[in-house]
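Order of the sequence lines fixes the chain letters, A, B, ..., with proteins taken first and strands second; residue numbering starts at 1 for each chain.
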Amino acid sequence: MEENKSTPSNFIREIIDEDLKSKKHSLIHTRFPPEPNGYLHIGHAKSICLNFGIARDYNGMCNLRFDDTNPVKEDIEYVESIEEDVRWLGFDWDDRMFYASDYFDRLYEFAVQLIKDDNAYVDSSTSQELREMKGTLTEAGALSPYRNRSVEENLELFTGMKEGKYEDGAHVLRAKIDMASTNMHMRDPVIYRIKKATHHNTGDKWCIYPMYDYAHPLSDWIEGITHSLCTLEFEIHRPLYDWFLDALKLKNRPRQIEFARLNLTYTVMSKRKLLELVQEGLVSGWDDPRMPTICGLRRRGYTPESIRNFADRVGVAKRDAMTDVALLEHSVREDLNKHAMRVMAVLRPLKVVITNYPDDKTEEMETTNNPEDETMGTRKIPFSNVIYIEREDFQEVPHKKFHRLSPGNEVRLKSAYIIKCTEVIKDDKGEITELHCTYDPETKSGSGSMRSVKGTIHWVSAKHAVKAEVRLYDRLFVTEDPASDDKDFRELLNPHSLDILKECYIEPELSKAKTGDKFQFIRTGYFCVDPLSNDEMLVFNRTVALKDSWTKIDKK
RNA sequence: UCCCCCUUAGUGUAACGGUUAGCACAUAACUCUCUGAAAGUUACGGUCGUGGUUCGAAUCCACGAGGGGGAACCA
């Protein structure tokens, strides 16, 4: 990866610096541990950039580990999409792709050890009874009648659980900690449950599965993880994370550190809500370009570089935050500005006839592909007497600060000539149907003409242009924080989040474009070719509009 | 009602007892421009409150206020 810019420091990197200085660790080892039960989103991207970024900067390692301890929720489909998304973001785990389920044998042995040390017991209460004995936030829990079973009996029952002698729910294995703890997670948490389900990785080998709280610290320890980074909601689980490592007397222990998850304005980030949007057809799928998923952003035209830069800018801290989506948008613009080829595309066409230009003539106008990058070269654009311009680039009665085309006024056609509007043609309803203009042959682009006018607009030659479909996206929700609103988030969807334009004209150069290709449509925004494109019709997605100070002036 | 965590401009972050409290985004204005883009310049704007410790506090302490989290055989 060609990343030279250093990622800003944060409290986690400071902890790592201290651990290195004190020689607690010499090699830093992190992990990104998604549960394969859904698609990754921009919030996961923050975690991925954090974990893999730390490994990169400290010459350490970062594992990809699937936290797959609940077979009924997980699926191989998700495993594959997660691998693809992490790789697309630009990170690599070499040969260190693991599953928590790879450790089921060792986890089982650890559990046996806990039983032998009187640190765990089999409880045969129902889940209802378990819940009742748990106590409340203000009252201590009750000791289970099964809490003092002998080691022998516990061992026999746990073996039986493993061998499938009991039905789901008949028994659970619990850690023996403290039913009076003010931390509910320490009140003898369940660590194994019976689930006669097929696991995507281990098949039918197991019918008991470890719980997250138990599997996670031990998986970290098995992999030699030094710093186990997770989000704030696991803070309260940390004493339990440490308890297992203590109880099993493990050396070289990993340390769990929590940070605030990413929230972005005008979208939702919870897997549940995202799933509902997909299932209820409120979006076209996980990769709908309006979704905050990695695959959605990819289809929208975001680049891995821009997302990595965004993650760096957002930073890492412990306080809950709501990041302005404008920061994400700025990050793509910045990247695309440097790399995207400039092309001309007219989204809402208005026909312009240049009356003093021969109707059988075509000129090839030369233009630069990217003023920010000379190495991208130049290309030719055909010019003729009938062109299309953007409807909004003409005002019959111009706003006082408007300096594009209006009756009797001149404007420059980018990379071509200066034209003057001589006549406005309307239909019987008063709608403007076309404009008649004259051009000044002395003002050809690159000819050294000294004449300059205030405005420059984009255009395409009508007879050479290619028709295309362009999809304009806006924020998915109308409020900044739809998740916190009293209303159901569905009621807060932005009805104008997708605007499909079917009568757009693009310069012929673009007919060669392939899925994923990215362009700047001059003066309108950054666009990429959607996978829906086929031989008959190119479909473009607007990644993000260009910053626009004109509409602000116009509104004043 | 109990426990844990958090609190710096509009937003996201930096400061590690000593700086005019820095940076980015956003906002506004100007310059420049064959993209009303980009770029450049400038402006705007902040330590939750009250006490205390100290020569000195955003930083340490206490209390208060506000926000978040916590009782799944989920992760």
Using a cut-off of less than 4.0 Å, is there contact between a side-chain N or O of [X] and OP1 or OP2 of [N]?
X: A:Arg523; N: B:G36; answer: yes
X: A:Lys547; N: B:U35; answer: no
X: A:Lys318; N: B:G68; answer: no
X: A:Arg319; N: B:U13; answer: yes
X: A:Ser549; N: B:A37; answer: yes
X: A:Thr69; N: B:A75; answer: yes
X: A:Arg193; N: B:A75; answer: yes

Just checking [X]: base, sugar-phosphate only, or nothing, at a heavy-atom cut-off of under 4.0 Å?
X: A:Arg342; result: base
X: A:His185; result: sugar-phosphate
X: A:His403; result: base
X: A:Asp320; result: sugar-phosphate
X: A:Phe402; result: base
X: A:Pro371; result: base
X: A:Gly525; result: nothing
X: A:Gln520; result: base
X: A:Lys134; result: sugar-phosphate
X: A:Ile418; result: nothing
X: A:Ser125; result: base
X: A:Lys454; result: nothing
X: A:Phe234; result: base
X: A:Thr367; result: nothing

Please report whether the ring centroid of [Y] lies less than 6.0 Å from that of [X].
X: A:Tyr241; Y: A:His237; value: no
X: A:Phe519; Y: A:Tyr526; value: no
X: A:Tyr417; Y: A:Phe383; value: yes
X: A:His199; Y: A:Phe104; value: yes
X: A:Tyr214; Y: A:Phe244; value: yes

*asked:* Just checking A:Lys454: does its NZ atom have more than 12 heavy atoms from other residues, nucleotides or ligands closer to it than 6.0 angstrom?
replied: no
I'd like the [atom1] distance from [M] over to [N], given in whole Å.
N: B:C32; M: B:A15; atom1: P; value: 40 Å
N: B:C5; M: B:G45; atom1: P; value: 36 Å
N: B:G18; M: B:C73; atom1: P; value: 49 Å
N: B:A14; M: B:U33; atom1: P; value: 41 Å

Taking atom [atom2] of [N] as reference, at what distance in whole Å does atom [atom1] of [X] sit?
X: A:Arg238; N: B:C3; atom1: CZ; atom2: C1'; answer: 14 Å
X: A:Glu372; N: B:G40; atom1: CD; atom2: C1'; answer: 13 Å
X: A:Lys73; N: B:A75; atom1: NZ; atom2: P; answer: 7 Å

*On RNA chain B, nearest-nucleotide positions of A:Asp68 versus A:Ile457: which is more 5'?*
A:Ile457
*Can you tell me the Watson-Crick or wobble partner of B:C60, both distances under 3.5 angstrom?*
B:G52
